[in-house]
Amino acid sequence: MSAQHAGFTRRGWILFAIMALVWGITYLFIKEAVHSFSPPAVVAGRTLLGGIILLPFALRAGALAAAWRHWPWVLAFGLVEMAGPFLLLSHAETQLPSGLTGLLVSTVPLFAVIIALLRGDRSALAPARLGGLLLGFAGVAVVVAGPGLFPHGPSSTFAIGEILLTAVLYAIAPFIIALKLKDVPSLGTITLALFAIGIGYLPAALLTQHEVPTVRATVSLLLLGIVCTALAFVAFFALIREVGPVRAPLFTYVNPIVAIVLGAIVLAEPLTPGLLIGFPVVLIGCWLAATGGRLRPRASAPDLTTGPITTTETAEVIVSEPRPDSGDRPDLAERPGAGDGSDSGDRPDSGGRS
């Protein structure tokens, strides 16, 4: 990393705290919104609101033109990062507590390591990372099958499957950015994808919304679209600029804590023994699988294994890093992460996410 990203500044810590809260409270707002909005309506409302808020910024930056030239892959990214996960999350939270949902989503790093391994990244077999992978899934088993999980039954089992599928999709999305959209501005990609998914879900939203939404659900949906989608991405881009793409995504480890605490306080969701035991096990497993136990992650570590965050800035770290046998490449001097002494051990053998 460059000297300007040597650590967290005061502004960096403020942005870090904002992101930990904003994307941790997302699950609470989804839970409230689905009380009187259908899941497709939640997805359409959230994405369209987010797109409308980001549109002026994207136009001012001239980011849409580049994104439009790559629209098939932008659409693919939107389907994997937004269309599938947003709907699955909204439907699952009709059955599951918001805190449990947030915890299960935090398994993204585990699936990301598996995907990296399938793509030839042998570093995923390192003892610490492999141990973290096994520990993380053991924690999930404790949460799901452990004592006191609420609710039990086929519907909750299906909902848990939806959340784990969401984690898989979040783990896949970074590869689309790293391999196909690495030269497209993040703001353009996000804005165009939000509009595409929002417009795509709009007919289903209109057909499935059969009741008049409550004020509380409407406010939750507005906050979900404006704060947790649009403004969250703006703050995240600022965090990347402040502390660099390596440290920026680390707040994802705090999101489940926020989700569980808010769920218990605001919605009176139960803190079951299975959740209390499995929660720290899952987080420790995710950290080990993502970092190999390093307190100072390498430049490529968070790109594929830190959580459900996908931006071009973090993808560029993978794309710009040389392979161990590639020698010096002068074109890397001005790219993110170049010349910082990090190696590519945690990077999938992709030739070039977040």
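Heavy atoms only: backbone and side chains are in, while hydrogens, waters and symmetry mates are out. Because the structure is a prediction, the values reported are computed rather than measured.
No continuous path of ILVMFWY side-chain contacts below 4.5 Å connects L104 to L134, so the two sit in separate hydrophobic clusters. L28 and L222 sit in two unconnected hydrophobic clusters of ILVMFWY residues. Membership requires side-chain heavy atoms under 4.5 Å apart, directly or through other members.
Listed by first and then second residue, the side chain to side chain donor-acceptor pair (under 3.5 Å) pairs involving residues 62-74 amount to none (not counting sequence neighbours). Counting only residues at least two apart or on different chains, the salt bridge (Lys or Arg N to Asp or Glu O under 4.0 Å) pairs with a member in residues 205-223 are E32-R216. Annotation: salt bridge (Lys or Arg N to Asp or Glu O under 4.0 Å) contacts involving residues 14-29, sequence neighbours excluded, are absent. Within the structure, the salt bridge (Lys or Arg N to Asp or Glu O under 4.0 Å) test picks out no pair touching residues 87-110 (sequence neighbours left out). The side chain to side chain donor-acceptor pair (under 3.5 Å) pairs that include a residue from residues 195-209 are S38-T208, where partners are two or more places apart or lie in different chains.
Across all their heavy atoms, M19 and A235 have their closest contact at SD-CB, 3.7 Å. A67 approaches V74 most closely through the heavy-atom pair O-CG2, 3.5 Å. Of all non-hydrogen atoms in V22 and C228, the two that sit nearest each other are O-SG, 3.5 Å. Residues I163 and A92 share a closest heavy-atom pair of CD1-CB, 3.4 Å. The two residues S36 and P213 make their nearest non-hydrogen contact at OG-CA, 3.5 Å. Across every non-hydrogen atom of V258 and I25, the tightest pair is CG1-N, 4.0 Å.
Among residues two or more places apart in sequence or in another chain, the side chain to side chain contact (heavy atoms under 4.5 Å, CB included) test is passed with A20 by F251, V254, N255. Annotation: side chain to side chain contact (heavy atoms under 4.5 Å, CB included) contacts of L207 (sequence neighbours excluded): none. For L88, the side chain to side chain contact (heavy atoms under 4.5 Å, CB included) partners are E162, L165, T166, L169, not counting sequence neighbours. Legend: residues meeting side-chain hydrogen bond (donor to acceptor under 3.5 Å, both in side chains) with S98, ordered by chain and number and at least two apart, are E269. Among residues two or more places apart in sequence or in another chain, the side chain to side chain contact (heavy atoms under 4.5 Å, CB included) test is passed with T94 by V34.
Counting side-chain heavy-atom gaps under 4.5 Å among Ile, Leu, Val, Met, Phe, Trp and Tyr, V212 is found in no cluster with other residues.
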Considering only distance and modelled atom types, tabulate donor-acceptor pairs under 3.5 Å from the side chains of residues 39-60, sequence neighbours left out.
unit_1: R46; atom_1: NE; unit_2: T229; atom_2: OG1; d: 2.8
unit_1: T47; atom_1: OG1; unit_2: V43; atom_2: O; d: 2.7
unit_1: T47; atom_1: OG1; unit_2: A44; atom_2: O; d: 3.3
unit_1: T47; atom_1: OG1; unit_2: G198; atom_2: N; d: 3.3

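Under the 3.5 Å distance criterion, the side-chain polar atoms of K31 are matched with a main-chain donor or acceptor of L96.
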